[in-house]
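None of the values given here were measured: they were computed from a predicted structure. Basis for what follows: all heavy atoms, side chains included, without hydrogens, waters or symmetry-related copies.
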Amino acid sequence: MKRFFVSIAALVLAATCAFAQDMTQATETAKIANEALMGGDYDTALSGFNEALKMAEACGEDGIELVATCKSAIPMVVNAIANEALKAGKYDEAIAKFNDAIKVATEYGADDIVEKATAKIPQIMMQKAGSLLNAKDFAGAAAAYKAVVDADPKNGMAALRMGQALSGTGDF
């Protein structure tokens with residue numbers, strides 16, 4: 001009987017040590033992700049925060065604070081990735097990434113990111129269309145401006161420029 005209690009005690013001790021180790025590992029993963037974020041390595045930061053989030057959620061009540069930290073960081077990182085795509089002139093990728101940011105931010109309750117990303121998408125669509133028009137890709141510009149007008153029928157500038165692009169294609 002004594003062996004039974006010793007075995008139970010050893011099992012509880014081992015489980016406690018493993019649990020503490022999991023929380024320590026989750027915290028260390030989040031620290032590494034934060035360092036990557038500060039260094040501008042957004043992809044590494046995003047995967048690190050996602051991994052730390054999963055580990056912290058598995059730790060239950062002891063991981064609540066780290067879960068909250070990760071859930072506030074992840075939408076910001078996805079938003080930063082979208083901004084990097086925009087800076088590089090990758091308009092379609094930027095729009096997709098801002099839509100990802102909206103989805104993640106909505107899930108994690110980051111309303112400010114939702115608001116900023118939602119406001120940025122129409123601007124990116126206009127930038128894309130403008131760059132196509134400037135490059136004299138009139139058919140592409142007309143399609144891009146049509147997408148803007150479809151999303152916001154009150155956008156008179158997009159409608160005017162769509163007409164300019166269409167006239168450039170000979171479609172009067």
Side-chain angles (χ1 to χ4, degrees), residues 1-129 131 143-144 147-148 150-155:
M1 189 66 147
K2 189 175 182 180
R3 283 187 189 172
F4 176 73
F5 287 121
V6 170
S7 296
I8 295 293
L11 183 62
V12 168
L13 181 62
T16 303
C17 289
F19 178 75
Q21 187 177 19
D22 287 345
M23 193 58 205
T24 302
Q25 186 178 3
T27 303
E28 185 61 32
T29 302
K31 285 180 184 178
I32 292 169
N34 192 51
E35 290 171 8
L37 177 62
M38 294 300 135
D41 185 358
Y42 300 123
D43 292 326
T44 300
L46 180 61
S47 65
F49 281 123
N50 278 321
E51 186 178 331
L53 175 64
K54 288 177 189 168
M55 286 189 256
E57 286 175 334
C59 290
E61 296 239 351
D62 288 338
I64 288 175
E65 187 176 328
L66 185 56
V67 167
T69 300
C70 291
K71 284 185 175 183
S72 69
I74 291 170
M76 290 188 309
V77 175
V78 175
N79 193 59
I81 291 170
N83 278 313
E84 288 293 310
L86 179 58
K87 285 179 188 174
K90 300 175 183 175
Y91 299 113
D92 292 332
E93 182 180 329
I95 291 169
K97 294 293 183 184
F98 277 114
N99 280 322
D100 289 346
I102 291 168
K103 180 182 174 196
V104 170
T106 300
E107 181 180 343
Y108 295 154
D111 297 334
D112 58 326
I113 300 289
V114 172
E115 187 177 314
K116 289 176 186 176
T118 302
K120 221 165 203 177
I121 290 174
Q123 295 170 3
I124 297 168
M125 293 171 72
M126 282 293 287
Q127 280 182 307
K128 175 186 175 185
S131 70
V148 173
D150 288 347
D152 180 12
K154 294 180 181 181
N155 190 330

pair T106-K103: side-chain heavy atoms closer than 4.5 Å | no

Counting N and O atoms only, with roles assigned by atom type, does the side chain of S131 sit under 3.5 Å from a partner on the main chain of K128, one being a donor and the other an acceptor?
-> yes

Indicate yes or no: at least one non-hydrogen side-chain atom of D152 is less than 4.5 angstrom from one of M125.
-> no

Roughly how far, to the nearest 0.5 Å, is CG of D43 from CG of L37?
-> 11.5 Å

Kindly compute the distance separating CG (D22) from CE (M55), expressed to the nearest 0.5 Å.
-> 8.5 Å

Out of curiosity, I81 CD1 to D100 CG, how far, rounded to the nearest 0.5 Å?
-> 9.0 Å

How about N34 and F49: do any of their side-chain heavy atoms sit closer than 4.5 Å?
-> yes

Give every residue pair that meets the side chain to side chain donor-acceptor pair (under 3.5 Å) criterion with at least one member in residues 75-86, sequence neighbours excluded.
-> N83-K120

Are C70 and L66 close enough that some pair of their side-chain heavy atoms sits under 4.5 Å apart?
-> yes

What are the two closest non-hydrogen atoms of A45 and A36, and how far apart are they?
-> N-CB, 3.8 Å

Can you list the residues that meet the side chain to side chain contact (heavy atoms under 4.5 Å, CB included) rule with K31, with sequence neighbours excluded?
-> T27, E28

Looking only at heavy atoms, which two atoms of A56 and A26 are closest? And how far apart?
-> N-CB, 4.0 Å

Drop me the distance from D41's CG to L46's CG, to the nearest 0.5 angstrom.
-> 10.5 Å

Rounded to the nearest 0.5 Å, how far apart are CG of D92 and NZ of K97?
-> 13.0 Å

Quick one: does I113's side chain get under 4.5 Å of M76's, heavy atoms only?
-> yes

Atom CD1 of I64 and atom CD of E57: how far apart are they, to the nearest 0.5 Å?
-> 11.0 Å

Residue from I74, T29, V77 passing side chain to side chain contact (heavy atoms under 4.5 Å, CB included) with N50 | I74

